[in-house]
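These notes concern the structure reproduced below.
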Amino acid sequence: MKNKYKKIKEIGIIAACDFAAITLSVLLSLLIANSAVDFCLDLLYWYLLNLLIGYLFFALFRLYFIVFTSVGIVDTLKTVGAVACIFAANIGFSFIFNLIDIRVCGAYAILLTVFVLLIRFSKRLYVAVKYSVSRKNKSKVRAMIVGGGNAGTMLIREILTTDKITYHPVCVIDDDPNKIGKNIYNVKIVGGTERIPEFVEKYGIDEILIAMPSVPKADIKRIYGICENTSCKVKTLPGIYQIVNGDASVTALREVQISDLLGRDQIKVNLDEIMGYIEDRVVLVTGGGGSIGSELCRQIATHSPRQLIILDIYENNAYDIEQELKRRHPELNLLTLIASVRDVGKMEDVFKKYSPEIVFNAAAHKHVPLMETSPNEAVKNNVFGTLNMARCADKFGSKVFVQISTDKAVNPTNVMGATKRICEMIIQTIGKHSKQTKFVAVRFGNVLGSNGSVIPLFEKQIAEGGPVTVTHKDIIRYFMTIPEAVSLVLQAGAYAQGGQIFVLDMGEPVKIYDLAYNLIKLSGLEPDVDIEIKCTGLRPGEKLYEERLMDEEGMQKTPNGLINIANPIELDEEHLWATLDKLKKAAYDETPDMKNLVAQLVTTYKPQN
C-alpha cells in the first residue's frame, strides 16, 4: 500500500511539472513567433486543448511510468514521439484558431520537447553534477572495471548516476583491441586483461569489478588468477540474467566465490524432462534436511509435485527446510516426517499411507573419517536403510527410485565408500527384477558447501586465524555446486530405465590445496603470510584421487552429455543376499570385524586397519 501511494505521488509530481512545461511552452512559443500576444478566448481554448492532448499522449507513450535513475535513449524516443503527435494535432488546430500558425506550432514542439526531457532526466543530471563535484573525494573507492561490453557499460552508468556513490570508475579493461583507447561515459578503456597489475599500480586501484557475466568460467578463473597478483579486492557480476533484467548494478556485485574458480560453466539441464516426471506426482525425499536432500526439495518444489514429503531423522534440519518451503511456496502440498530409514516398519507405514511415486534416497552417513571409527553404523544406516527403502518402493509400486551415490564407491579405500557401493549393488539387483519401479543410482563427487565439504571447514579455519589444513598437497577431487548436483540428479531420474548407475561429468578435478589457497585470497588475506596452509597427512580411508568408474563398467552416453551410464557389472545375487544377512547380524551384534566382512562383498575394497 505504501509503495502504491509513493508511485501515485511520483506520477502527480511529474504531471505537475508537465503542467508547468506545457504552460511555459505555450507562452514562450507565442512570444517567439509574435512580438505581442493578445490574450483572448481562442488562446485559452488552444491552451486547454494542449493540456488535454499533452497529458493524453504522455500517458499513451508511458512517460509517467519511468525509472528516473535509468532514463535513456528509449525514453527520449518516447518523448519525441509524444511531442510529434502533439505537433501534428496543433497543425490541425491552426485551421481552427487564427492566432496559431506553423511557426507557433514548431516553436511549441521544440520547447515542449526540451522541457519534458529536462524533467525526465532531472535526477540523472543532478546526480551526474553531484558526482562531478564529489569525484575528488578521496573516500571514494577507486575501481577498475573489467569488461567493456553491455554489462560494463550498464555498471559504469549506474555508478555515475546513483545517489549513493561508493565507487569512482577510473579505467576499463577489455581484451578487444578495437575498443582500446575508446571511452565509456568518459571512462577510458586502457588495455587488455594481461596488463591488469600494471594498470592497478598506475591508477592506484582499490577494487577490481569484473563485469563479464556471459563469458565462460574458464576465462573468469584466468582473470582472477591475474588479479591475484594485485592487492585489490575483486568483485563480480554473478550471471547473464543480470544483463537480461537490466540489473548490472553495484548492488548486484558480489565477492568472487570459490564456485567461480572451478574453471567450467554452470551445468544446464532440460527442465521440460524434469517437469514431465515430477509434475503432479507424490515425491518422497529421505535425508530431506541435509545439504543434498534440502536442495532436492527446493528444486522439486518448483516443478509442481502433487505432494512433497520430507523425511529425516534430524528434526532441526527438517524443520528449517520445511519453514523455508512454506515461505517460498505457500501453495505447495508439503508434509514433513521425522523417521529413520533403518526402521522398516515405519518405512512400510509411510509407503502404505502416502504412496510415493518418486523416491529420492539421500539419507546416509557420509563423513569418511567418522565412519572409519563407526563402521557398524555406516552399514546399518547406509546399507540397510537403502535396502529398506528399495524394498518398500518395489513392494508398494513406486514409479522411480533414485539412490544418491558417490565416486567414493569406486574402488573404495574407506568403509563409507564401500557401503555406498553395496547400495549400488542393491539398487541394480532389485531394479533388475522389479516389475513396476525403475531403480537408478546417481554417482557424483564432492559438493561445494555441502555438510562435510572442505569449504565450510576452510572458511571456519580462516575465520579463526588459521592454519588451514590440507591432508596432502597433491590430493585432487571432482567438485560440483549443490544446485548443479541436484539438478542432474533430477534429470537422471527422467532417464531411469531400471538398474542403471548414472555417472555425472564434473569436469576436471581440482587440487584441494589450490582451493584452500584461493579461498584465503578471496578472504582478502595472503596464503602462508596471514594464514598458514598446513599439510597434515592423508586420513584413514582417504586416497589422493577419486575415480568415477570401475575398469569393468565402461560408459554409455545420455541426451544430456554430462550424465553418463556405467555399464552394469554382473553380480552373484545369491552371494549378495547371503552376505547381506551376515552383515546385518554382525552390525547389530557390534562386531569389531565389520570392515573385513564388507570387503567380502565389495572385492575392490581394501580395508586400512
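Both backbone and side-chain heavy atoms feed into the values below; hydrogens, waters and symmetry mates do not. Residue indices begin at 1 and follow the sequence shown.
- Heavy-atom minimum distance, Leu325 versus Cys297: CD1-CB, 3.9 Å.
- The residues Asp280 and Arg306 are annotated as salt-bridged, a charged nitrogen and a carboxylate oxygen being separated by less than 4.0 angstrom.
- A side-chain contact (heavy atoms from CB on, under 4.5 Å) with Ile208 is found for exactly one of Ile173, Ile145, Val200, Thr236, namely Val200.
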So Asp174 and Lys179, salt bridge (charged side-chain N to carboxylate O under 4.0 Å, His left out) or not? Walk me through it. CA-CA 7 Å; Asp174 200 286; Lys179 292 181 180 178; 3.8 Å; yes
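- Aromatic ring orientation, Phe19 versus Tyr47: perpendicular (interplanar angle above 60°, classes split at 30° and 60°).
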Would you sort out whether Leu308 and Leu335 count as a side chain to side chain contact (heavy atoms under 4.5 Å, CB included), showing the intermediate values? CA-CA 6 Å; Leu308 173 58; Leu335 175 66; over 6 Å; no
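- Note: Leu63 CG to Arg120 CZ = 5.0 Å, rounded to the nearest 0.5 Å.
- Here the closest non-hydrogen pair linking Pro305 and Val283 is CB-CG2, 4.1 Å.
- The backbone N or O of Phe93 sits nowhere less than 3.5 Å from a side-chain atom of Asn90 that would complete a donor-acceptor pair.
- Formation of a donor-acceptor pair under 3.5 Å by the Glu295 side chain with backbone atoms of Val486 is not found in this model.
- Atom CG of residue Leu334 and atom CD of residue Gln323 lie 9.0 Å apart, to the nearest 0.5 angstrom.
- Looking at every heavy atom in both residues, Gly191 comes nearest to Phe199 through CA-CE1, 3.9 Å.
- Closest approach of Leu296 and Ala362 over heavy atoms only: CD1-CB, 4.5 Å.
- A salt bridge links Arg328 and Glu324; the closest N-O separation between the charged side-chain nitrogens and carboxylate oxygens is under 4.0 Å.
- Residues Arg62 and Leu60 have side chains not in contact (no heavy-atom distance under 4.5 Å, counting atoms from C-beta outward).
- Between the side chains of Lys235 and Tyr167, at least one donor N or O lies within less than 3.5 Å of an accepting N or O.
- In terms of heavy-atom proximity, Phe61 sits nearest to Lys78 at O-CD, 3.3 Å.
- Atom CZ of Arg142 is separated from atom CD1 of Ile205 by 6.0 Å, given to the nearest 0.5 angstrom.
- The distance from the CD1 atom of Ile156 to the OH atom of Tyr185 is 9.0 Å, given to the nearest 0.5 Å.
- Between the CD1 atom in Ile119 and the CG atom in Asp18 there is a gap of 4.5 Å [rounded to 0.5 Å].
- Rounding to the nearest 0.5 Å gives a distance of 11.0 Å between NZ of Lys233 and CG of Leu209.
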List the steps and the verdict of side chain to side chain contact (heavy atoms under 4.5 Å, CB included) for Asn316 and Tyr319. CA-CA 5 Å; Asn316 291 351; Tyr319 176 79; 5.8 Å; no
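- When all heavy atoms of Pro197 and Asn229 are compared, the pair lying nearest together is CG-CB, 4.3 Å.
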Please lay out, stage by stage, how Asp175 and Thr193 fare under the test side-chain hydrogen bond (donor to acceptor under 3.5 Å, both in side chains). CA-CA 6 Å; Asp175 283 329; Thr193 52; 3.0 Å; yes
Using side chain to side chain contact (heavy atoms under 4.5 Å, CB included), reason through Tyr55 and Tyr64 one step at a time and then give a plain yes or no. CA-CA 10 Å; Tyr55 284 127; Tyr64 294 114; 3.0 Å; yes
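- For Lys188, the NZ atom counts as loosely surrounded, since its 6.0 Å shell holds 12 or fewer non-hydrogen atoms of other residues, nucleotides or ligands.
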Apply side chain to side chain contact (heavy atoms under 4.5 Å, CB included) to residues Phe58 and Val116 and explain how you reach the verdict. CA-CA 10 Å; Phe58 291 162; Val116 171; 3.6 Å; yes
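- Under the 4.0 Å criterion applied to side-chain N and carboxylate O atoms, Glu194 and Arg222 are assigned as salt-bridge partners.
- In this structure, Val172 and Val190 have side chains that are not in contact, with every pair of non-hydrogen atoms separated by 4.5 Å or more.
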